[in-house]
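Below, chains carry the letters A, B, ... as their sequence lines are ordered, and counting in each starts from 1.
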Amino acid sequence: MESDIELMLRTKDGDDGAFSELMNRHYKGVLNYIYRFTNLRENSEDLAQEVFLRVYRSASKYRPEAKFTTWLYKIATNVSLTYVKKKNTNISLDEMTENIGEYEDSDVEISDDIIYRKEMRNVIFSAMETLPEREKIAIMLCKYEGLSYEETADVLECTVGAVKAYVHRGRMKLVDKLKPYLMEEGKYGM
Amino acid sequence: MECREIKETLIEYTLGDLSHVEKANIESHLDGCIECRGFVSESKGLWSLLETWDEVEPSGDFISNFWDNVEETKASPGFLNWIQNLKPNWTLAGAMASIFLVSIITFGAFSPDTRNSIFMSADERDELILIELDNAISRETADVLSIYGPWDGGSEINGNGGFN
């Protein structure tokens with residue numbers, strides 16, 4: 001299987017099929033990253049399109065110096081931050097949390113599990129919103145997108161040690177915020 | 001090890017960055033400290049709790065929508081896109097600047113000096129008037145002198161003291 005960098009270099013040479021393959025690999029991750037960032041389902045897909053458009057337009061200038069995913073998530077982070085900052089002037093947190101579930105079929109009977117998950121989404125999103133930006137991004141990239149500390153450091157343009165500190169501090173704060181929802185787990189390992 | 005130290009080194013413990021000795025020290029402390037054990041459990045519970053935030057499924061036509069967007073952008077570039085796509089061509093800019101400078105120098109050197117054109121035309125008019133006046137005076141003088149002729153043969157003068 002070709003690497004992301006090879007596909008991007010083919011895109012640079014005008015091979016649109018290679019870019020379709022790249023999107024196929026990453027669009028779900030980018031979409032969910034943006035969704036967790038904004039908590040707005042209906043806009044996440046448009047923003048994900050915007051991310052890939054930016055990548056595609058920059059293909060001619062692409063240099064394989066960094067891992068493709070770090071470049072991709074750096075763009076996704078910028079797009080999300082810009083959107084959230086712009087949107088926050090016009091929309092309240094309540095409106096954002098109410099927006100969840102808009103795409104769920106209202107005719108389907110809502111089970112307790114769906115209600116619980118919907119509530120947890122709101123609770124987690126609200127807790128995440130209280131974190132400093134870098135702690136939030138570090139946790140989202142490491143926890144949800146599966147990026148390593150090194151890759152996250154590239155996205156945030158900081159050291160690996162700083163990323164570890166962001167994740168640790170953010171995690172401790174989230175423990176405080178979400179204490180009522182935490183259940184004790186078995187022996188130590190995390 | 002104290003509780004504060006445990007909490008500070010928890011991240012290294014989590015990542016497996018500690019030596020065997022340090023790891024054994026932490027686990028020994030955890031065995032005897034309910035508070036720290038609770039803290040570690042909550043931290044582990046948090047990671048599990050975050051997993052309840054489900055993923056969303058993208059629409060099936062994400063990639064075809066993307067290419068439609070690309071086509072739309074290409075079809076209607078618009079002024080903004082034109083500005084964005086405008087790349088500075090320094091060679092062309094240099095050539096244009098050179099042509100401009102040469103034009104200024106050339107036309108500046110060979111164009112007529114029109115600063116005194118009004119006076120020049122006035123002078124010309126005056127000169128014509130003077131010539132005409134001069135001619136008129138010459139004719140009049142000639143007529144007057146012809147009384148006292150002759151200028152060429154003196155045939156017309158007669159009578160007392162006149163010329164014939």
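Applying the under-4.5 Å side-chain rule to Ile, Leu, Val, Met, Phe, Trp and Tyr, the cluster around Ile99(B) consists of that residue alone. Cluster note: Phe100(B) groups with Ile104(B) through ILVMFWY side-chain heavy atoms spaced under 4.5 Å, whether in direct contact or through intervening members.
Residues Tyr35(A) and Asp54(B) approach most closely at CE2-O, 4.2 Å, considering heavy atoms. Contact between Arg41(A) and Pro58(B) at its shortest, heavy atoms only, is NH2-CA, 4.3 Å. Residues Leu49(B) and Ile124(A) come closest through the heavy atom pair O-CD1, 3.4 Å.
Interface residues of residues 130-147 of chain A toward chain B, defined by a heavy-atom distance below 4.5 Å and sorted by number: Ile139(A), Lys143(A), Tyr144(A).
Distance check: Glu42(B) CD to Arg171(A) CZ gives 12.0 Å after rounding to the nearest 0.5 Å. Of the inter-residue distances, the one linking Thr52(B) atom OG1 with Tyr181(A) atom OH reads 11.0 Å to the nearest 0.5 angstrom.
Side-chain atoms of Glu57(B) do not come within 3.5 Å of backbone N or O of Lys28(A) as any donor-acceptor pair.
Judged as a side chain to side chain contact (heavy atoms under 4.5 Å, CB included), and not counting sequence neighbours, the contacts of Glu157(A) are Lys74(A).
Put simply, the side chain of Trp53(B) reaches to within 4.5 Å of the side chain of Asn39(A), judged on heavy atoms. Phe39(B) is listed as a side-chain neighbour of Met172(A), based on a closest heavy-atom distance under 4.5 Å. Side-chain atoms of Val56(B) and Glu45(A), non-hydrogen and from C-beta on, never get closer than 4.5 Å to each other.
Chosen from Met128(A), Met120(A), Met23(A), the residue pairing most often with chain B at heavy-atom distances under 4.5 Å is Met23(A). The choice from Asn24(A), Asp16(A), Val123(A), Leu174(A) that makes the most heavy-atom pairs within less than 4.5 Å of chain B is Asp16(A).
Below 30°, between 30° and 60°, or above 60°: for Phe19(A) and Phe66(B) the angle between ring planes is between 30° and 60°, a tilted geometry.
With a 4.5 angstrom heavy-atom cutoff, Ala127(A) does not touch chain B via any of its atoms.
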